[in-house]
Structures are given as C-alpha cells and as structure tokens.
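Below is one structure, written out as structure tokens; the observations come after it.
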Number of protein chains: 2
Amino acid sequence: MARTRKNEQDQKVIAVEASQRNAAMTRSRIIHAAEAEFADHGFDGVSVRRIAQRADVPVALINYHFGGKEGLYRAIFEMRAPMIVDQRIAGLRFAEMEPDQERKVEMIVKAVLVPNLHMRSTEKSSSYARILAREVSDPKSHQRGVIQEFFDPIAYKVMEALQKALPDRSVEEINWGYQAILGVMVYTMADTGRISRLSDGRCDPEDEMATATYLVALMKAALLHARAAGGGAGQRHKHSTGGER
Amino acid sequence: MARTRKNEQDQKVIAVEASQRNAAMTRSRIIHAAEAEFADHGFDGVSVRRIAQRADVPVALINYHFGGKEGLYRAIFEMRAPMIVDQRIAGLRFAEMEPDQERKVEMIVKAVLVPNLHMRSTEKSSSYARILAREVSDPKSHQRGVIQEFFDPIAYKVMEALQKALPDRSVEEINWGYQAILGVMVYTMADTGRISRLSDGRCDPEDEMATATYLVALMKAALLHARAAGGGAGQRHKHSTGGER
DNA sequence: AAAATTCTTGTCAACTTGTTCAATTGCCGC
DNA sequence: GCGGCAATTGAACAAGTTGACAAGAATTTT
C-alpha cells in the first residue's frame, strides 16, 4: 500500500504533470494502466509505450520500476492475487465448520467462485479478471509461471476440502470436479458479451448476484450427483452409452 | 491412344501437385503453419514473417492469398469450424430421438463436448483447439466476429434441445447451463498442463476417453439436478453499470 | 549547505511489425 | 509461337517496437 504522508486521494488528479514525486504512486498508476491495457489486448497485443501513455508517464519509467514488460506483468499478479487467495481461504474455513454435506459442498463452490465473480463486477479490478482468464489459456503462462506460483497452493486446499466433503469420490473425480468449477468461472469472467448476446440479455455476468446463484447451483449439483461410470466410484468399463461419430 | 492420354493426365497431376505452382496447396501449407503458430503464441504474439518462414513461403504470399493477417486468421476458422459444427448437429439429431430424459441430456452434453475433445487429442488439429480457447477469452474476438459467425447458430440449436429436454427450466437456467458446458470444455481444451500437474498425472486432457467420461458425468448431473436457490434468482438491478473512471 | 540517493525524463538506435510494389515465373487458350 | 492470367518472389516501405542512456529534478542523508 502506498504510504504517503499527504492524502493521496486529493492529489491523484491534481498534480499529474506538476511535481508529484512519489515512487509508490507512480508505480501504482503504471500498474493500473497496464492492467487495463493487458486485459484489453493481451500480453503481446500491447506495447509498453501505450501503457506509458495511458499512465501519463514517460516510457523509460516502466523499465526503471519494473525492469521490463514481463516484470510489469508479474507485478499485476503480485498485487492482485493475494486478495483472491485470502478470500478463498476464508471461504474454505467457513465451509469446514458446516456439518451438512450438501451445504458444505455449496460453500466450497462459493468459496472458489464468489471472490472472482465479485472482482469481475467491481469496476476497478474487472480488468484483472480478464487478464487471469487469458493467462490460463496461454501456453506461455507456464513459461511465466504466474498461475503456478500464485494459485496452485489454494487449488490444493480446495481439492482437499472437496475430498473431505465427498469422501467416496476418487481422486480423479475430485480433480475433474475442481477443474470444472474453474472452467466455468474463467469462462464467465472472460466473457466478452457472448453470454449476454446468446441469452438476449437475460444472463449478464455483470450481475454478480444472479450469476453466482446460477453457477453455484450448477456446480454444486455437478459435484453432488456426478457419477463417473454407472453406479460406484470405481473405474468400471466406462463409455457404454451410444457411440456417436 | 487411351494409354498415352492417361499417362499425360497422370503426369500432369503429378507435376501440378509437386510443383510449387499450386495455389490450393500453398494456401493449405500457409494455413497449417499459421494454425500452429497462432495456437502457441496468440494472434498478436506471432508475426506473419514467422508463419511464412514456417510454411517456407515468402511473406508476400500471405497477403496475396488471404489479404492480410486477419484474413489468414479467419481462414483457419473457415476451414475448421464446419467440421465441429457438423458433428454437433449430428449428435443433437441423435439426442432428439432418445425418449429417456436422463439419457437425452447426456447425449446433448456429449454432442457439445465430444467433437472438441476429440479434436484436441488429435494431433493434427490440436492447435485449433487452443486457438478456439484463446478466441473466446479475447475481447477482440467480438471485433473479429469469428465466434459469433461460426458458432452462435449451433449454440442456439443446443440450447433449444436442452430446453426441450428440460421443459421446466427457465430460459436463464438453460443459458447458464450451456455456458457452463462451454466453460468446462474450453478450459479443458486450453489446458497447458495445469490439470495434469495438479492431479499429479492422474487427469490428462490428452486422454480423450477418460476426460469425456468425467466431464460428461459432471455436466449431465449439473443440468439434471441444478435448481437455482429457492427459485427466486431474479434479482433485478443490483449494480448500476454506470460510469467508468 | 553539500553530497548522495532516489526518482523522473527526453532522446536514441537497433530492430520488427504488416503491408505494398514492381518484377518474375509458369500455365492456359489463342 | 505469344499474350493473358494467376501465382510467386524479393525488396522496400512506413509505422511502431523495445530497452538503454545520461542528464535533470526531488528527496534524503551527511
């Protein structure tokens, strides 16, 4: 957090060109500009020059503060990720205390979905949601290692909680269940208007409340009622139903 | 002299196919090179020069045949999309004839998932799956309009089938259900190794059969058993989607 | 007050980018 | 044969890219 002696809010607009000499604030302004640009055009689609222009700083400042384009990119995650992770952990702790199985699963699903959905509908950080969505569908993300570094730990925690809530499920079922939740979440977060278009405006990811309600209901049902093959959790010969193709 | 004529014909075919003077063939080579590159680095992450180099053709040829980078990008979809759409339509026709509700829903889910999952595991066209995954999480996709043009029609068909199979569901429930299927599918298709890493190798998107089994089971359960909480999910205005800053 | 440090800035050069151009090649019907 | 035509080529273009530098301003330390 920026620790300025003076009130930062007051100065934010006033002294842009004048004599605002504050590293932390400049950094912040750059990061926010970068966040918006990266969200709109992707890592490769945006130039540091445009970020600099948007942040109203000279280009060289970006290299000075973040040591390059990728450093700036990582800085965004370093700023935002803890926010989400903490909220998820809190949600999981909540779920742990719930005795009823059905509600417990629901709370776990909520713990994963709600922080991100909320973030998306918050104007200020909605860009970050889209960056996140991009990152998971980019092979380079592995190279950058951002997801792994920031989100793998919480992923294990969630799956552990799921396994505890659904003890009769196999490891595979738990894993695929978690991946499904994530997929739905990411797809919704990344949405660029298609959901609203297809539903003729009836479904709107911006409406955090409604979206969360429907998605939680879906994934809760998926986790509670899905059986991989036939009846038991065992791996019988699967795929006996009609063969298309 | 039938024989001579046949020989001539044969030689002509061979010559045409071997010669670099074959528009269709060079087009194809360019498209395939582009597909691989776009999948790995995204639309903005790759230069036409690299594509040209990979296809072993001069750069100018790309612009000649496809009228630019974006034209080339669209050409990929024009080649691949019909394949998937047709398979889905076939799957839906299958589902339509199924009397049992539960099996019907399962078949619809399969009709959506299987063509894409199969494509992903096919080596030759696995790149396209990743391109598709990128496209849906790119705001520019709206600008390009590729998804809308090629996949919106089949989306309506699927939702129609879902509505018919689950008549008591609201339009919103059907829409979110479909979005969920798509989200899970896209996330799985786009996966860059995280699923396998998190599951310690137990879950592998490359394994088309197992993946389809688990995902179909999940989404089938989601559609069949999900009920929006209490029934009153229709919270109208919650957040004003007003001014940005 | 002077010096040292941190932060900011304009400018620069080497390099890519997507696209266009004029010229060339091979194939066809005349 | 010989133009007409589509396909191909290498070169050139203008615009934009990144990262670096040294010099200047602000802040802190001496």
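All values derive from a computational prediction rather than experimental measurement. Below, chain A is the first sequence line, B the second, and so on; all start at residue 1.
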Before you tell me yes or no, could you show the steps for B:Trp176 and A:Thr211 under side chain to side chain contact (heavy atoms under 4.5 Å, CB included), namely the whole-Å CA-CA distance, both residues' side-chain angles and the distance that decides it to 0.1 Å?
CA-CA 8 Å; B:Trp176 280 118; A:Thr211 301; 3.5 Å; yes
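More than 12 heavy atoms of other residues, nucleotides or ligands lie within 6.0 Å of CZ in A:Arg54, so this atom counts as buried by the packing criterion. Counted within 6.0 Å of OH on B:Tyr156, heavy atoms from surrounding residues, nucleotides or ligands total more than 12; the atom is thus considered enclosed.
Atom CD1 in A:Ile62 sits roughly 10 Å away from atom P in D:dG19 (whole-Å rounding). Between the OH atom of B:Tyr73 and the P atom of C:dG18 there is a distance of 14 Å, given to the nearest Å. Between the P atom of C:dC7 and the CZ atom of A:Arg29 lies a distance of 15 Å, rounded to the nearest Å. One interatomic measurement links the two molecules: NZ of A:Lys69 to C1' of D:dG19, which rounds to 12 Å at whole-angstrom precision. In this structure, CD of A:Gln53 is placed 15 Å from C1' of C:dG10, rounded to the nearest angstrom. Distance, A:Asn63 CG to C:dC12 C1': 14 Å, rounded to whole Å. Residue B:Leu61 contributes atom CG, which lies 17 Å from atom P of C:dT24 at whole-angstrom precision. A straight line from CG of B:Leu72 to P of C:dT19 spans 10 Å, rounded to a whole angstrom.
The nearest pair of heavy atoms linking B:Thr188 to B:Arg120 is O-NE, 3.4 Å. Taking every heavy atom of both residues into account, B:Ala39 and B:Arg134 meet most closely at O-NE, 3.3 Å.
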Side chains of residues 42-52 of chain B: which donor-acceptor pairs under 3.5 Å do they make with residues two or more places apart or in other chains?
{"unit_1": "B:Asp44", "atom_1": "OD2", "unit_2": "B:Lys140", "atom_2": "NZ", "d": "3.1"}
{"unit_1": "B:Ser47", "atom_1": "OG", "unit_2": "B:Arg50", "atom_2": "N", "d": "3.3"}
{"unit_1": "B:Arg50", "atom_1": "NE", "unit_2": "B:Glu37", "atom_2": "OE1", "d": "3.3"}
{"unit_1": "B:Arg50", "atom_1": "NH2", "unit_2": "B:His41", "atom_2": "ND1", "d": "3.0"}
{"unit_1": "B:Arg50", "atom_1": "NH2", "unit_2": "B:His41", "atom_2": "NE2", "d": "3.4"}

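Aromatic rings from A:Phe77 and A:Tyr128 are positioned such that their centres are separated by under 6.0 Å.
Relative to the side chain of B:Tyr64, the nucleotides D:dT9, D:dT18, D:dT8 differ in distance, and D:dT8 lies closest.
One finds no side-chain N or O of A:Thr26 lying less than 4.0 angstrom from the OP1 or OP2 phosphate oxygen of C:dC7. Distances shorter than 4.0 Å separate some side-chain N or O of B:His65 from OP1 or OP2 on D:dT8.
Contacts between residues 37-51 of chain B and DNA chain D, defined by a heavy-atom separation below 4.0 Å, involve B:Arg49, listed by number.
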